[in-house]
Amino acid sequence: MVANKQCDDVVSFVAGNLPVLSRPEAARLPGMSIEDEVRAWLVEFRTEWLGPGAFRSAEPLGSCAPSWHPEARCGRSVGYRSPAPPSCHPRVIPSTAAVDFGGGDGATIKPKKVNRAPITKAGPVDIKVKLRSGMACAISLEVLADDIDSTADSDGETGISWKTYDLKAPVPVYDMSSGLAIVSKVTTAPQASGALVIRTVYKKKHLENVLSGYGRGTTADDRKAGNVSLGFHESCHREDYITYLKTQALPDFDINQETGAVGDEFNSHWEDFKTAFAALPKSIGEWSRKRTDDVGVTKATWDAKHSKKTPGAAKH
């Protein structure tokens with residue numbers, strides 16, 4: 001998932017005006033670069049980027065303003081424009097404020113609030129996998145704590161993968177009376193087991209609270225509810241993965257349907273199952289992309305409008 005491009009525009013603008021806007025390293029929050037602080041501020045105060053040298057906040061700043069911000073630097077406006085300030089609150093946007101959520105559709109709404117990104121609940125997830133055939137299958141699932149990966153292809157990525165998995169092949173008995181090896185029964189039933197992990201990574205700190213560029217976070221219902229952050233978008237992927245394992249049909253191998261199969265067919269069917277089981281995380285990811293990336297402002301729409309500015313940035 002890629003964050004809204006306006007963050008990058010603001011960061012670039014501030015970086016180009018460091019003599020006027022930057023705050024001293026000693027006064028900066030621990031571990032935060034000026035770019036990190038700009039991104040966090042942009043979300044906290046629901047700032048609308050109006051182009052080079054001009055940005056407008058729907059929140060009051062005053063004492064809440066970062067020290068590099070014009071309102072905190074003796075009235076140096078640098079193109080900054082602000083409405084009359086209501087009460088200051090980092091999590092709420094006034095219902096009268098219009099925010100352009102970008103993402104390619106140009107929609108402007110008036111949300112009553114803008115929620116911070118949900119906190120990822122790390123730990124095991126209780127899922128009970130049951131295959132239609134009755135084949136023994138034990139799959140565990142764990143959500144890992146969010147992490148930072150500066151080499152990530154995009155601002156936020158949530159994936160599911162096998163930590164380990166194991167398959168025990170069935171043992172058939174063949175009837176050779178016809179001259180062909182035909183399965184008459186299976187004496188040893190197949191078994192499948194594995195451990196899946198879900199992991200969300202961000203390219204930099206504090207990106208979970210920037211705006212979602214496409215998919216969940218840009219739908220009408222999400223906007224109305226104030227769920228517009230990149231972290232919310234990634235949380236939808238996590239929820240998709242869990243939902244899939246609880247509700248969707250998983251790869252299966254039914255030994256009852258293999259009776260009468262020719263030996264080569266039996267082996268081919270088992271190989272197909274092995275391939276599908278190994279590719280389960282990929283299947284889950286594709287299902288999630290349809291539910292979380294291809295709604296609201298779709299990923300294809302976002303890519304088409306931003307490919308020239310940020311080539312390859314929308315890789316997921």
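Nothing fancy with the numbering, it's 1 onward along the sequence.
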Nearest atoms (heavy-atom pairs only) where Gly213 meets Trp302:
O-CD1, 2.8 Å
Do Ile284 and Val295 land in one hydrophobic cluster if side-chain heavy atoms of ILVMFWY residues count as linked below 4.5 Å?
no
Once you round to the nearest 0.5 Å, how far does NE2 of His269 lie from CD of Gln257?
9.5 Å
Minimum heavy-atom distance between Arg289 and Lys282, given as atom pair plus value:
NH2-O, 4.5 Å
Quick one: does Asn209's side chain have a donor or acceptor within less than 3.5 Å of a partner on Ala117's backbone?
yes
For the student: nearest non-hydrogen atoms of Val201 and Ala152, plus distance
CG2-CB, 4.5 Å
Please determine whether residues Leu245 and Val143 belong to a single hydrophobic cluster, defined as Ile, Leu, Val, Met, Phe, Trp and Tyr linked transitively by side-chain heavy-atom distances below 4.5 Å.
yes
Can you tell me how far apart CD (Glu208) and OG1 (Thr120) are? Round to the nearest 0.5 Å.
8.5 Å
Drop me the distance from Asp146's CG to Arg199's CZ, to the nearest 0.5 angstrom.
9.5 Å
CG/Asp126 to CD1/Ile242 distance, rounded to the nearest 0.5 angstrom?
10.5 Å
Let me check something: any side-chain donor-acceptor pairs from residues 178-197 under 3.5 Å, sequence neighbours excluded? List them with distances.
from, atom 1, to, atom 2, distance (Å)
Ser178, OG, Leu180, N, 3.4
Ser184, OG, Val173, O, 3.0
Thr187, OG1, Val171, O, 3.2

Checking the side chain of Trp162 only, and the main-chain atoms of Ala278 only, is there a donor and an acceptor separated by less than 3.5 Å?
yes
Can a donor-acceptor pair be found, under 3.5 Å and without considering hydrogens, that links the side chain of Thr275 to the backbone of Glu271?
yes
Going from CH2 on Trp287 to OG1 on Thr247, what distance comes out if it is rounded to the nearest 0.5 angstrom?
5.0 Å
Per the side-chain hydrogen bond (donor to acceptor under 3.5 Å, both in side chains) rule, which among Thr158, Thr200, Asp293 passes with His237?
Asp293
With sequence neighbours excluded, give me every salt bridge (charged side-chain N to carboxylate O under 4.0 Å, His left out) pair touching residues 240-265.
Asp240-Arg291
Does Val262 belong to the same Ile/Leu/Val/Met/Phe/Trp/Tyr cluster as Phe266, with side-chain heavy atoms less than 4.5 Å apart forming each link?
no
With a 3.5 Å distance limit and no angle check, can you tell me whether His233 reaches the backbone of Tyr214 through a side-chain donor-acceptor pair?
yes
Between Tyr241 and Leu144, is there shared hydrophobic-cluster membership here, with clusters defined by ILVMFWY side-chain heavy atoms closer than 4.5 Å?
no
Please answer whether the main-chain N or O of Phe277 pairs with a side-chain N or O of Tyr165 as donor and acceptor at a distance below 3.5 Å.
no
Please say which of Asp221, Thr292, Asp222 ends up in a side-chain hydrogen bond (donor to acceptor under 3.5 Å, both in side chains) with Arg216.
Asp222
For the backbone of Phe232 and the side chain of Ser235, can you confirm whether one donor and one acceptor N or O come within less than 3.5 Å of each other?
yes
Under the criterion side-chain contact (heavy atoms from CB on, under 4.5 Å), I'd like the reasoning laid out for Tyr202 against Leu230: C-alpha separation, chi angles, the key distance, then a yes or no.
CA-CA 10 Å; Tyr202 295 100; Leu230 177 59; 4.0 Å; yes
Identify the two heavy atoms, one from Leu280 and one from Pro251, that lie closest to each other, and give their separation to 0.1 Å.
CD1-CD, 4.0 Å
Does Arg223 form a side-chain contact (heavy atoms from CB on, under 4.5 Å) with Thr218? I'd like the steps, not just the answer.
CA-CA 6 Å; Arg223 292 170 171 180; Thr218 69; 4.2 Å; yes
Test item: Thr301 side-chain N/O and Val297 main-chain N/O as donor-acceptor pair under 3.5 Å
no
Closest heavy-atom pair and its distance - Val129, Leu250:
CG1-CD1, 3.4 Å
Atom CG in Leu141, atom CD1 in Ile127: separation rounded to 0.5 Å?
5.0 Å
